[in-house]
Protein chains: 2
Amino acid sequence: MTDPADSTPAPPPPSPWERERPARTRAAVARTPLSRERIVEAAFTVLDRQGLDGLSMRQVAAELGVTVSALYAHVSSKDDLLELMYTRLFDGFELPRPDPDRWQEQVRDYARAGRRRLLSHRDMARISMAHVPFTAELLPYVESLLAIFRTAGLPDRIAAEAGDLISTYIDGFVLEEGMWRDRAAEQSGEDTSLARPDWREMAEEMQDYFASLPAQDFPHLRALAGMMVTDSSDERFDIGLEIILRGLASYLPDATKRAPSDDGRAPDTT
Amino acid sequence: MTDPADSTPAPPPPSPWERERPARTRAAVARTPLSRERIVEAAFTVLDRQGLDGLSMRQVAAELGVTVSALYAHVSSKDDLLELMYTRLFDGFELPRPDPDRWQEQVRDYARAGRRRLLSHRDMARISMAHVPFTAELLPYVESLLAIFRTAGLPDRIAAEAGDLISTYIDGFVLEEGMWRDRAAEQSGEDTSLARPDWREMAEEMQDYFASLPAQDFPHLRALAGMMVTDSSDERFDIGLEIILRGLASYLPDATKRAPSDDGRAPDTT
DNA sequence: TGCTACGGTGAACAGTGTTCGCTCCTCCGC
DNA sequence: GCGGAGGAGCGAACACTGTTCACCGTAGCA
């Protein structure tokens, strides 16, 4: 805020012509007039840099070169801001036209896309977990998911629960991913930027710990040590997803046809 | 933790004999000397009264008639305290001896008991969601769950993921329950003690809202309005659980035998 | 009787979300 | 061209938060 063109990445370029915008007598530089959109954008910047615990209204204000109280003219509270960020997550999420023959793949795509979006911003799963997509602008997305289930032929009770189930699964899975990442980061480097390869290191450490447990008390934990904590989370995510999908498929009227593994994409269980 | 006598519900009774403990000159009353256990207990009291957002170290200290800094002699941080509370949740959780023929019922019992415990303290699901049961004293519980899955005959990869899956499901479900409860409470009565019957009222309100949506844009949401938000959460919990169990069952070698609904307890899908 | 050890105190620090009175800039109507 | 009105942003304040640290009073031991 000291000089024009300082704190934000792309302020209007200097433009020597138009000597207008005479750089207000105040410290505030002449810049676009602080909308909800700009606040949300700045909040994401702070979130990615400092995590949810470091996301304070003052930090967001500083990011914009503005005082805290200015934010409250556009955002009614911090919860309001978090809800805006949550809603923003769904922007551009593409809604498939339900196809009964491809419903499992459509759900898979939906879930994977959801996870990808949650991973696109630090601690986003924590924010997502604290909200429910029942605001007016998010209803189309839950409608779309329910459409897939219902047109696939699932009973209503099952379809209604399935939406909650996979949403919870996505959020919960990514949340746990984030916890592992945080734990790994805090264990070695304070600054998260340098502590990238320690994630793998921590997975090994955890495996070693499981393997070191007394064999008579923890036979199963030892046996599964290699699978409980693995660095390829993608695979784990797909497995959990597949379990849910199979459970749902068992409720289809013609369950016999597509029961165990028919669509050729289910991960093998070796 | 496995003492024959349960953990702490019985602090030393007043004992009118022994007029000692001369009620220190200070404001502090003469009382047992502030252990970790007593701090956790007080924290639960504050939690139930004021919720997680109202659970501050100062409140806990006040509950004990003690200054904040005194707490830090027994508890290294607030996170430490929360972890203690999380661990305490498992106290007395009974571990079944895995029985391959009853594995589904055992998992159901496990899940229902878990949910019951989460419901026993306000906002407990939020605390649980932020932790992972990989500390030394909690490992027996995950071992026990894995034992059920493995002895039932599930492939290792599936068993490893199943533990995470149902844990996440339990936490996520109860967390959402709590959000509904909170929303209903804040909508009418500020004080949570008087706002009991409004939960049902809000469910109706939500159903009405869904039913009022434009029929052409939200056909499925309208069709499922009655099931998305119902006051009998128990039923919804069991349905989600059943979906997961069926998915898991589909991975059993002899999947044909117990595929759709054999154990007679699965809820019908009418 | 003196002394040490320790559990608890109170004040302080740096930070939080939120509110409110005020200043100053901009723009509109005259 | 000028005066007034509106409003955006400022800065200080309030009531909190988690955490630390120098101090002290009491208890038990020598």
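Quick note: numbers below take in every heavy atom, side chains included, and nothing from hydrogens, waters or symmetry partners. A, B, ... follow the sequence lines: proteins, then strands. Residue 1 opens every chain.
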Margin query: Could you tell me if B:R115 sits above the aromatic ring of B:F237, with its cationic atom closer than 6.0 Å to the ring centre and no more than 45 degrees from the axis?
Written below: yes
Notebook entry, point to check: In whole angstrom, what separates B:M57's CE from C:dG8's P?
Noted result: 14 Å
I'd like a list of close polar pairs between nucleotides 12-14 of chain C and the protein, N/O only, cut-off under 3.5 Å.
from   : atom 1 : to    : atom 2 : distance (Å)
C:dA12 : N6     : B:R58 : NH2    : 3.3

Note to self: Parallel, tilted or perpendicular: which one describes the rings of A:W180 and B:F134, with boundaries at 30° and 60°?
What the structure shows: tilted
Notebook entry, point to check: Atom CD1 of A:I39 and atom C1' of D:dA8: how far apart are they, to the nearest Å?
Noted result: 12 Å
Margin query: For the CE atom of A:M57 and the OG1 atom of A:T67, what is their distance to the nearest 0.5 Å?
Written below: 11.5 Å
Notebook entry, point to check: Does a donor on one side chain sit under 3.5 Å from an acceptor on the other, for B:D164 and B:T168?
Noted result: no
Margin query: Among D:dG9, D:dG18, D:dC10, which nucleotide has an atom closest to any side-chain atom of A:T67?
Written below: D:dC10
Notebook entry, point to check: Using a heavy-atom distance cut-off of less than 4.0 Å, which residues of residues 69-83 of chain A contact DNA chain C?
Noted result: A:S69, A:Y72, A:S77, A:K78
Note to self: Just the rounded figure in Å: distance from C1' of C:dG15 to CG of A:D53.
What the structure shows: 13 Å
Notebook entry, point to check: If you check every side-chain atom of A:S56, which of C:dT9, C:dT16, D:dC10 has the closest atom?
Noted result: C:dT16
Next item on the list: Among B:F90, B:Y169, B:F93, find the residue that satisfies the ring-ring contact (aromatic ring centres under 6.0 Å, His included) test when tested with B:Y110.
Entry: B:F93
Item checked: Test log, rule side chain to side chain contact (heavy atoms under 4.5 Å, CB included), inputs B:V174 and B:M129 -> CA-CA 10 Å; B:V174 179; B:M129 200 95 232; over 6 Å; no
Check: Out of B:R38, B:R49, B:R58, which residue meets the side chain to side chain donor-acceptor pair (under 3.5 Å) rule with B:E63?
Finding: B:R49
Notebook entry, point to check: Got a donor-acceptor contact below 3.5 angstrom from the B:S144 side chain to the B:P140 backbone?
Noted result: no
